[in-house]
Amino acid sequence: MKRAAVFSGGGARCMAQLGYLSFLKEMGVEFECYSGVSGGAIVASFLAKGYKPKEIFEILKSIDYKKLIKLNIFGGSIFHLKKVYPLLRDFGLKDFSDLKYKLYVAVTDYETYETCYIESGDLAKYLIASSSLIPIFSPFEVDGRVYIDGGFTDNLPVAPCVDSDFILAINVNPPLRFKNSLWGNLYRAGYIMLNTNMRYSKQKAHKYVEIRKCGVFSIFDTKNFDKIYEAGYKEAEDDMEFWKRI
């Protein structure tokens, strides 16, 4: 049976995806194909490389994120992610051809607004492109094309995995309540966008998981990685009976 695991974007919240997969690893549930966007694409790429979920968690937890992002106010965004590139390559995320398992990384074409599911080329560059959440992070160019965060058009990229026998899709952006204020409405607009473009994915996944406890954490909440990871692990524990039948 060919099994695929698909991960939404969500920044720091994506640690919950590793918690969920850690529990499945303990149960002996394995996957042969991965697909992800933004932070979820980084999680997926490590898994496709052959890292274990707990190993990935420890690696991501050890990074000093403040040293990786640099101001880019006069370049059209708040920050740029150029310094992330050598770090990803140091972890072995250099090219799709180096991976142990199949991987798709979702990006959005900055000019055409098209969703592109990348499966070959410079992996580190496409991971940065997939994480380029404008206007916070600047658009990123790869091979002459400019891309932004894939979550703008497909925040749960199940589409390239539809030929799999079983698809697990994990969303770390549960619906939330927001205040009727300027910032509250901005957050609400973002959540509407992210959750609306996942309708197709929810229908095509054999197991759709929405990690509810992620709602209390910010996408930049690197201080609470442990709690976020545990939220994913606990969600998987709650689904134990389902996975026993698989």
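This structure is a prediction, so every number in the text was calculated from the model and none was measured.
- Closest of all the heavy-atom pairs between Leu103 and Ala48 is CB-CB, 3.9 Å.
- Put simply, CZ on Phe225 and OG on Ser62 are 9.5 Å apart, with the number rounded to the nearest 0.5 Å.
- With contacts defined as side-chain heavy-atom distances shorter than 4.5 Å, the pair Tyr229/Ser22 qualifies.
- Counting side-chain heavy-atom gaps under 4.5 Å among Ile, Leu, Val, Met, Phe, Trp and Tyr, the cluster of Tyr200 also holds Val6, Leu156, Val158, Val162, Ile167, Met198, Tyr208.
- For residues 141-153, the pairs satisfying salt bridge (Lys or Arg N to Asp or Glu O under 4.0 Å) are Asp109-Arg145, Glu114-Arg145, with sequence neighbours left out.
- In this structure, Lys102 is positioned above the aromatic face of Tyr104, its NZ or CZ under 6.0 Å from the six-membered ring centre and within 45° of the axis.
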message = Before you tell me yes or no, could you show the steps for Val107 and Ile148 under side-chain contact (heavy atoms from CB on, under 4.5 Å), namely the whole-Å CA-CA distance, both residues' side-chain angles and the distance that decides it to 0.1 Å?
response = CA-CA 6 Å; Val107 296; Ile148 56 175; over 6 Å; no
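- When atom types are taken as modelled, the side chain of Arg13 and the backbone of Phe217 share a donor-acceptor pair closer than 3.5 angstrom.
- Counting only heavy atoms from C-beta outward, the side chains of Ile211 and Ile228 never approach each other to under 4.5 Å.
- Counted by atom type alone, Thr153 and Thr108 present one or more donor-acceptor pairs between their side chains at under 3.5 Å.
- Minimum interatomic distance between Pro174 and Gly215 (heavy atoms only, all atoms of both residues): CG-N, 3.6 Å.
- Cluster membership for Tyr117 and Val43, using ILVMFWY side-chain heavy atoms within less than 4.5 angstrom, is not shared.
- No single ILVMFWY cluster, assembled from side-chain heavy atoms under 4.5 Å apart, contains both Val37 and Ile136.
- Between Ser132 and Tyr110, the side chains place no donor N or O within less than 3.5 Å of an acceptor N or O (distance only, hydrogens not considered).
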inquiry  = Walk me through whether Leu93 and Tyr126 qualify under side-chain contact (heavy atoms from CB on, under 4.5 Å).
reply    = CA-CA 10 Å; Leu93 306 180; Tyr126 282 113; over 6 Å; no
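- Under the 4.5 Å side-chain criterion, counting only non-hydrogen atoms from C-beta, Phe137 is not in contact with Val84.
- Counting heavy atoms from C-beta outward, Lys234 and Glu230 have side chains that stay 4.5 Å or more apart.
- Counting only distance, with no hydrogens or angles, the side chain of Asn197 and the backbone of Gly151 share a donor-acceptor pair below 3.5 Å.
- No more than 12 heavy-atom neighbours from other residues, nucleotides or ligands sit within 6.0 angstrom of CZ on Arg212.
- Lys100 contributes atom NZ, which lies 11.5 Å from atom CG of Leu47 (distance to the nearest 0.5 angstrom).
- Side-chain atoms of Ser218 come within 3.5 Å of backbone N or O of Phe220 as a donor-acceptor pair.
- In this structure, Lys207 places its NZ atom where more than 12 heavy-atom neighbours from other residues, nucleotides or ligands lie under 6.0 Å away.
- Of the possible donor and acceptor atoms, one in the side chain of Gln17 sits under 3.5 Å from a partner among the backbone N and O of Ser8.
- In this structure, Ala44 and Gly36 approach most closely via the heavy-atom pair CB-N, 4.3 Å.
- A salt bridge links Glu30 to Lys25: at least one charged side-chain nitrogen sits closer than 4.0 Å to a carboxylate oxygen.
- Glu32 contributes atom CD, which lies 9.0 Å from atom CG of Asp165 (distance to the nearest 0.5 angstrom).
- Summarising the geometry of Ser130 relative to Ala106, their closest heavy-atom pair is OG-O, 2.7 Å, with the distance given to 0.1 Å.
- Defined by atom type and a distance below 3.5 Å, a donor-acceptor pair is present between the side-chain atoms of Asp122 and Tyr85.
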ask   = After noting the C-alpha distance and the side-chain angles of Leu21 and Phe23, does the key distance pass the side-chain contact (heavy atoms from CB on, under 4.5 Å) rule?
value = CA-CA 5 Å; Leu21 265 288; Phe23 184 84; over 6 Å; no
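- By the salt bridge (Lys or Arg N to Asp or Glu O under 4.0 Å) test, Glu210 is found to be paired with no residue, residues two or more places apart in sequence or in another chain being considered.
- By the 4.5 Å heavy-atom criterion applied to side chains, Ser45 and Leu99 are not counted as neighbours.
- Heavy-atom minimum distance, Ser131 versus Gly39: OG-N, 4.2 Å.
- In this structure, Cys14 SG and Phe57 CZ are separated by 13.0 Å, a value rounded to the nearest 0.5 Å.
- Within the 4.5 Å cutoff, the side chain of Met15 has no heavy atoms near those of the Lys61 side chain.
- Crowding of Lys202 atom NZ: a count of heavy atoms from other residues, nucleotides or ligands under 6.0 Å exceeding 12.
- A salt bridge is absent between Glu235 and Lys213: the closest approach of a Lys/Arg side-chain nitrogen to an acidic carboxylate oxygen does not fall below 4.0 angstrom.
- In terms of heavy-atom proximity, Ile42 sits nearest to Leu127 at N-CD2, 4.0 Å.
- A salt bridge links Lys54 with Glu58: at least one charged nitrogen is closer than 4.0 Å to a carboxylate oxygen.
- Ion pairing between Lys227 and Asp221 fails under the 4.0 Å rule for side-chain N and carboxylate O.
- Taking CG of Asn171 as the start and SG of Cys214 as the end, the distance is 8.5 Å to the nearest 0.5 Å.
- Between Tyr34 and Tyr101 the shortest side-chain heavy-atom distance falls below 4.5 Å.
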query = Passes side-chain contact (heavy atoms from CB on, under 4.5 Å), Lys2 versus Cys33? Steps please.
reply = CA-CA 8 Å; Lys2 180 184 176 183; Cys33 178; 4.1 Å; yes
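- Side-chain contact between Leu168 and Arg3 is absent, with no heavy-atom pair separated by less than 4.5 Å.
- To the nearest 0.5 Å, atom NZ of residue Lys83 and atom CG of residue Leu88 are 13.5 Å apart.
- Aromatic ring centres of Phe46 and Phe91: separated by under 6.0 Å.
- No close placement of the Phe140 and Tyr147 rings is indicated, their centers lying 6.0 Å or farther apart.
- If you check the side chains of Tyr233 and Glu26, you find a donor sitting under 3.5 Å from an acceptor.
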